[in-house]
Amino acid sequence: MTLSTPLNAQADATTKKSITRLIVAISVGNALEWYDISVYAYFAVYLSKAFFPANDPTTSLLLTFGSFGLSFLIRPIGGIVLGAYADRHGRKASLMLSIVLMTFGTLVLALMPTFASIGILAPIAVMLARLVQGFSAGGEFGSSTAFLVEHMPERRGFVASWQFASQGVSGLLGAGFGALLTSVMSPEDLQSWGWRLPFLFGVLIGPVGIYIRNHVDDATPPPAAGKQDSPVRDVLARQKLATILAIGALAVSTAVNYLIIYMPTYVVKTLNLSPTVGFMAALVAQTAVALLAPIAGFVSDKIGRTTHMILFALLLLVSIFPAFLLLTGKPTPVIILLGVLWLGVLKSLYYGPLAALMSELFPPATRATGLGLSYNIGVTLFGGMGPMIMTWMGGFAPIGELAPGYYLTAVCILSLYSLFTIRRLRLA
């Protein structure tokens, strides 16, 4: 008995160290994936002038967000291909491939000459780089979430929440770069070369993530050759309801996420304020995600995923329109910061348990494929296309400045319906 306490303490310390290493390995790579995506959207105004010149600034911006959305169209393919690869060959193999692809795509964007230098080749190359990044990001969520929950199944909510907390960190870095650069650089320098700095920083993160991920192992070995049917076939044939419900549960969180990313553009183009205000609003919202998502995941392990998520989805539903009426009625920097922060807090508390909830809808043999497919369809439909849809909706007089509010309300109702269905059928 005298030896049990120190031995148990040593074992606990070793376990905590191992879990911390796993979370860091996934979070660093995942943060890189989402940092590169968020930076593209945050700096859309500058990218549109560099790569998509047009006589009409709105058309140029729509082309930029169109290429942003285009990269999401390939994400379900990335989710299927890399998810099936993870289910067949192990989570680690897929995670290594996705981070290498994302780093390559970011390097291309960071170094690409502008339209003024190489003409039509510039937007074509940007779109190709975005497609590579979209394919890479498509495989990231399913593999990394499966990797985390299979290492710590008794605390799925908490450990999987770091999937989204790391996204908050990446958004925080991207918004921080935006706030800093728009504050210290002249608009001319920022447009000329300053926008490249955040992308170059992303390139530097890549080797770090690759090194860390190379030093972790899968929780369970991949299936032996010939012992498993096609994961894609299994998901499409036998798990269609689970896939649809996972997409629905994800919808509102990804819509709010890309609204936050869209905020710098919304502030400049719709509210006619300084881009620094939009970047600061995104910064505080992403800080909330990074800090609150793990807390929400921890709480969901205690009270249940659907109970927790339904509560905050209802709070989001009743908050969306008042927030946008306030933003458009009194568009002062303080009001914008507080409104976006409130949406960011609710989104964070909803977001935390989401990865665990989605993972529980699929069995281990097809988990990475099911997660990758459902997540990327949901993000493509309700997230990646969101900025372009909101820009388009904003052109209609009856909607105008309230376009994001209408969009988010409809998506929130969809997510609530999915959560109540999951609860009623006891699927997770």
Side-chain angles (χ1 to χ4, degrees), residues 72 75-76 79 141-142 145 156-157 160-161 163-165 167-168 239-262 285 288-289 292-293 296-297 299-300 303-324 340 342-362 370-387 389-390 393 403-428:
F72 283 79
R75 286 181 56 161
F141 179 82
T145 301
R156 284 177 178 169
S161 69
Q163 170 74 247
F164 295 129
Q167 292 183 22
Q239 296 160 26
K240 290 188 288 290
L241 178 60
T243 302
I244 292 170
L245 291 175
I247 292 169
L250 169 73
V252 71
S253 65
T254 193
V256 176
N257 189 53
Y258 286 92
L259 168 71
I260 293 170
I261 292 174
Y262 174 66
V289 175
L292 297 179
V299 172
S300 76
I303 69 173
R305 318 277 183 242
T306 54
T307 298
H308 180 103
M309 294 173 69
I310 286 170
L311 170 63
F312 288 103
L314 288 170
L315 284 173
L316 263 172
L317 183 64
V318 300
S319 296
I320 291 167
F321 253 100
F324 275 94
V340 175
W342 176 242
L343 291 177
V345 166
L346 294 180
K347 170 250 171 97
S348 306
L349 295 172
Y350 179 90
Y351 220 23
L354 177 61
L357 176 86
M358 294 175 69
S359 73
E360 290 165 352
L361 293 173
F362 300 98
L371 283 168
L373 182 63
S374 58
Y375 181 79
N376 289 293
I377 291 176
V379 170
T380 299
L381 292 177
F382 302 106
M385 293 298 176
I389 292 171
M390 286 183 277
M393 289 175 64
Y406 285 102
Y407 180 72
L408 288 181
T409 299
V411 173
C412 193
I413 292 170
L414 172 63
S415 287
L416 276 167
Y417 180 80
S418 300
L419 289 172
F420 278 116
T421 302
I422 291 170
R423 185 186 184 96
R424 176 171 57 85
L425 298 179
R426 297 181 180 180
L427 296 177

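Residues passing the ring-ring contact (aromatic ring centres under 6.0 Å, His included) test with F164, sequence neighbours excluded: F141, Y351. Partners of F321 under the ring-ring contact (aromatic ring centres under 6.0 Å, His included) rule, at least two apart in sequence or in another chain, are Y406. Shown here are the side chain to side chain donor-acceptor pair (under 3.5 Å) partners of T307, two or more places apart in sequence or in another chain: R423.
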Legend entry - Derivation of the side chain to side chain contact (heavy atoms under 4.5 Å, CB included) call for Y375 and R75: CA-CA 9 Å; Y375 181 79; R75 286 181 56 161; 3.4 Å; yes
Legend entry - Intermediate values then yes/no, side chain to side chain contact (heavy atoms under 4.5 Å, CB included), L371 and S359: CA-CA 7 Å; L371 283 168; S359 73; 4.2 Å; yes
Legend entry - Worked check of side chain to side chain contact (heavy atoms under 4.5 Å, CB included) between L408 and V252: CA-CA 7 Å; L408 288 181; V252 71; 5.5 Å; no
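To the nearest 0.5 Å, atom CG of residue L354 and atom CD of residue Q163 are 9.5 Å apart. To the nearest 0.5 Å, the span separating OG1 on T243 from CG on L361 amounts to 8.5 Å. Rounding to the nearest 0.5 angstrom, the gap separating the OG atom in S418 from the CG atom in L414 is 4.5 Å. Taking CG of L245 as the start and CG of L419 as the end, the distance is 9.0 Å to the nearest 0.5 Å. In this structure, the separation between CG on L416 and CD1 on I310 is 7.0 Å, given to the nearest 0.5 Å. L241 CG to T421 OG1: the interatomic distance, rounded to the nearest 0.5 Å, is 8.0 Å.
Nearest heavy atoms, I422 versus L357: CD1-CD2, 4.2 Å. Across all their heavy atoms, L373 and P76 have their closest contact at CD1-O, 4.4 Å. Minimum interatomic distance between C412 and I320 (heavy atoms only, all atoms of both residues): CB-CD1, 4.2 Å. Contact between N376 and G79 at its shortest, heavy atoms only, is ND2-CA, 3.6 Å. For S374 against G370, the heavy-atom pair with the smallest separation is OG-O, 2.8 Å. Nearest approach of G378 to I247, heavy atoms of both residues: CA-CG2, 3.8 Å.
Counting heavy atoms from C-beta outward, T145 and M358 have side chains that stay 4.5 Å or more apart. Within the 4.5 Å cutoff, no side-chain heavy atoms of V345 are placed close to those of V289. Between H308 and Y350, the closest side-chain pair of non-hydrogen atoms is not below 4.5 Å.
Under a 3.5 Å cut-off, the side chain of Y407 and the backbone N or O of F382 do form a donor-acceptor pair.
Using modelled atom types and a 3.5 Å distance limit, the side chains of R305 and S300 yield a donor-acceptor pair.
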